[in-house]
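Structure first, then comments.
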Amino acid sequence: MLPVFVRITGAVSDMAEIKAVLLREDETLAGSCPAAELCLPASRYEIADALQRARISPDHSKFCLLNICCKIPILANYLAKAVSLDGLNLLAHRLAALSDWERTAYEGMLKTRAEWPLEELVNLTYNLSECQVATLYSDRQLGKFLAQQELLPELDGVPKVVQGWLDWARVGAYKRKAEGGVFTGGGYVVNDATAWKQVYSAALPPEEIPVFDTPIQGIFRAHTENRVFDLPASSHIDEQVVMQVSSSIPPLERMLEPYESLVYLNEAARELMKIPQDAQPQFKAVLEYEGCADLTQAVTLSQRLEQYGLFPELDTPEDYGKWMLHSKMKASEENPALELLSLREYGLAWMARNRAKRTRYGMVQKR
């Protein structure tokens, strides 16, 4: 597991449970720190892609998480301490699987404590079955509800006419505090659990952390009406209509919607499998460099990678300008003229001359 540090921000409103920006702590030539946004829950391939975009590697392994947003806003308050990216993704997977009732219970339970370590935030998702949730939103509603359901033994023997004079808000507040209940946007939550299931621990090695996706044996995983195929397939396949496709190369997924032919996808996968594993970041960068949005074009580009150079340590025009000065122009660091030079303008000029473009994976230059 990679160690990370966290800074917190607001809420997220789309399908992601948690969003964060991965910021590499090591600086590039001109002093920038590459970053990449990551939406969780994510597949192993989406996480690997985000790490590549942030230029995080064994040589530059330290990074922090910034601008963390959560679909459950209060959750962000508990993610301020060091966490693991694997554990954070596991939490997002667990949250995505919660029912509306469980989500309300989870939010309520968060409010019962000032601190929740990451491992307990994960384990809390496994400990919701004994929570009670009621569509009550105030102490007054709670007090009247308990009286109507005859759940207030303190009122036994008290005439109904006298009960009508009671301050139901004070009654509800008394019971809420006594049983440790809380109000949420989804209702009133109280926990009756007496045991705690410990499923996840921060000390678990990565291979023992529960996973929610299985490796794709190839380039595409295609879902037809009756079967799931990992492509390229090792045996002959008949034409079938593809209902859903995912890829071990995430940028390809946005190109898959127009294609419903299983045979076509299989043929494309056979060609894309020829890309060496260590050349995949270069392939992704070239797709972005060329603005590729078509799978046929992507296959063609995969056959022409030798025409492009990827420089992952060059993230900005300033990086490119400094690289040109010192590696190509052999300029000395002590040259006082450099203080008068705009590295950005200098870099942009050389980028235009060399047909270089900035991509999320680094600078790409056509040879």
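For the single chain, residues carry numbers from 1 onward in sequence order.
Under the 3.5 Å distance criterion, with hydrogens and angles disregarded, a donor-acceptor pair is assigned to the side chains of Tyr320 and Asn354. No hydrogens or angles considered: nothing links the side chains of Glu253 and Ser246 as a donor-acceptor pair under 3.5 Å. For Lys284 and Gln52, the side-chain atoms include at least one donor-acceptor pair closer than 3.5 Å. Asp319 and Thr28 share a donor-acceptor pair across their side chains, judged by distance under 3.5 Å alone. At a cut-off of 3.5 Å, with distance as the only test, a side-chain donor of Glu271 or Gln303 sits close to an acceptor on the other residue. Side-chain contact of Gln282 with Tyr361: a donor-acceptor pair under 3.5 Å is absent, judged by distance alone. For the residue pair Thr359 / Arg53, no side-chain donor-acceptor distance below 3.5 Å is found, with atom types taken as modelled.
Within 6.0 Å of CZ in Arg304 there are 12 or fewer heavy atoms belonging to other residues, nucleotides or ligands. Surrounding NZ of Lys197 are at most 12 heavy atoms belonging to other residues, nucleotides or ligands under 6.0 Å away. Within a 6.0 Å sphere centred on CG of Asp156, heavy atoms belonging to other residues, nucleotides or ligands number more than 12. Heavy-atom contacts from other residues, nucleotides or ligands closer than 6.0 Å to CZ of Arg367 number more than 12. The number of heavy atoms from other shown groups lying within 6.0 Å of CD (Glu306) is above 12. Within 6.0 Å of CD on Glu225 lie no more than 12 heavy atoms contributed by other residues, nucleotides or ligands.
Classification of Lys62 and Asp26 as a salt-bridged pair fails, no side-chain N sitting under 4.0 Å from a carboxylate O. Ion pair Glu120/Arg113 flagged as a salt bridge, since at least one NZ, NE, NH1 or NH2 atom sits closer than 4.0 Å to an Asp/Glu carboxylate oxygen.
In this structure, the side chain of Gln198 engages the main chain of Tyr200 through a donor-acceptor pair within 3.5 Å. Counting only distance, with no hydrogens or angles, the side chain of Glu46 and the backbone of Ser43 share a donor-acceptor pair below 3.5 Å. Proximity of a side-chain donor or acceptor of Trp168 to a complementary backbone N or O of Gln141 within less than 3.5 Å is not detected. Although no hydrogens or angles enter the test, the distance criterion places a donor-acceptor pair under 3.5 Å between the side chain of Arg94 and the main chain of Thr125. Between the side chain of Tyr45 and the main chain of Ile216, a donor-acceptor pair closer than 3.5 Å is present. Remark: side-chain polar atoms of Asp315 are not paired, donor with acceptor, to backbone N or O of Met363 under 3.5 angstrom. Without hydrogens or angle criteria, Arg254 side chain to Pro251 main chain gives a donor-acceptor distance under 3.5 Å. With hydrogens and angles ignored, the 3.5 Å screen pairs no side-chain donor or acceptor of Asn89 with any backbone N or O of Pro41. A donor-acceptor contact shorter than 3.5 Å links the side chain of Arg55 to the backbone of Pro312. The backbone N or O of Gly108 sits nowhere less than 3.5 Å from a side-chain atom of Thr112 that would complete a donor-acceptor pair.
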Could you check Arg103 against Trp101 for side chain to side chain contact (heavy atoms under 4.5 Å, CB included), going step by step and ending with a plain yes or no?
CA-CA 5 Å; Arg103 186 173 290 269; Trp101 173 88; over 6 Å; no
Val245 and Leu265: CA distance, side-chain angles, deciding distance, side chain to side chain contact (heavy atoms under 4.5 Å, CB included) verdict
CA-CA 9 Å; Val245 188; Leu265 287 176; 3.9 Å; yes
Do Phe283 and Leu272 pass the side chain to side chain contact (heavy atoms under 4.5 Å, CB included) test, and can you show the C-alpha distance, the side-chain angles, and the key distance before you say yes or no?
CA-CA 10 Å; Phe283 174 59; Leu272 295 170; 3.8 Å; yes
Evaluate Leu152 against Phe145 for side chain to side chain contact (heavy atoms under 4.5 Å, CB included), listing each step before the verdict.
CA-CA 10 Å; Leu152 290 172; Phe145 171 80; over 6 Å; no
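Residues Asn191 and Met109 have side chains in contact (heavy-atom distance under 4.5 Å, counting atoms from C-beta outward). Trp116 has its side chain out of reach of Leu75: every pair of non-hydrogen atoms, C-beta onward, lies at least 4.5 Å apart. In this structure the side chain of Leu85 reaches within 4.5 angstrom of the side chain of Phe63, judged on heavy atoms. Using a 4.5 Å heavy-atom cutoff, the side chains of Met351 and Pro317 are in contact. Contact check for Gln365 versus Tyr289: no side-chain heavy atoms found under the 4.5 Å cut-off. The side-chain heavy atoms of Phe229 and Gln240, taken from C-beta on, include a pair separated by under 4.5 Å. Within the 4.5 Å cutoff, the side chain of Leu231 has no heavy atoms near those of the Arg221 side chain.
Ala54 and Pro34 get closest at one heavy-atom pair: O-CB, 3.5 Å. Of all heavy-atom pairs spanning Ile219 and Pro232, the tightest one is N-CD, 4.2 Å. Taking all atoms of both residues into account, the shortest heavy-atom contact from Thr316 to Ser32 is CG2-OG, 3.7 Å. Of all heavy-atom pairs between Ala97 and Glu102, the closest is O-OE1, 4.2 Å. Of all heavy-atom pairs between Ala20 and Ile68, the closest is CB-CG1, 3.8 Å. Taking all atoms of both residues into account, the shortest heavy-atom contact from Leu262 to Asp238 is CD2-O, 3.8 Å.
For the pairing with Leu65, the side chain to side chain contact (heavy atoms under 4.5 Å, CB included) check across Ile18, Leu88, Leu79 returns one residue only, Leu88.
Following chains of ILVMFWY side-chain contacts shorter than 4.5 Å, one can reach Leu118 starting from Trp196, so the two form part of one hydrophobic cluster. When hydrophobic clusters are built by joining Ile, Leu, Val, Met, Phe, Trp and Tyr residues whose side-chain heavy atoms come closer than 4.5 Å, directly or via intermediates, Val189 is not grouped with Leu136. The hydrophobic clustering, which links ILVMFWY residues whose side-chain heavy atoms are closer than 4.5 Å, places Tyr126 and Tyr78 together. A single hydrophobic cluster is seen to contain both Val122 and Leu38, as judged by linkage of ILVMFWY side chains at heavy-atom distances under 4.5 Å, directly or through other members.
Taking the six-membered ring for Trp and thresholds of 30 and 60 degrees, Trp323 and Phe311 have ring planes inclined between 30 and 60 degrees apart.
Annotation: ring pair (Phe, Tyr, Trp, His ring centres under 6.0 Å) contacts of Phe220 (sequence neighbours excluded): none.
Note that CG of Leu325 and OH of Tyr346 are 4.0 Å apart. Values are rounded to the nearest 0.5 Å.
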Could you list the donor-acceptor pairs under 3.5 angstrom formed by side chains in residues 173-183, with sequence neighbours left out?
unit_1, atom_1, unit_2, atom_2, d
Arg176, NE, Asp139, OD1, 2.7
Arg176, NH2, Asp139, OD2, 3.0
Glu179, OE2, Tyr188, OH, 2.6

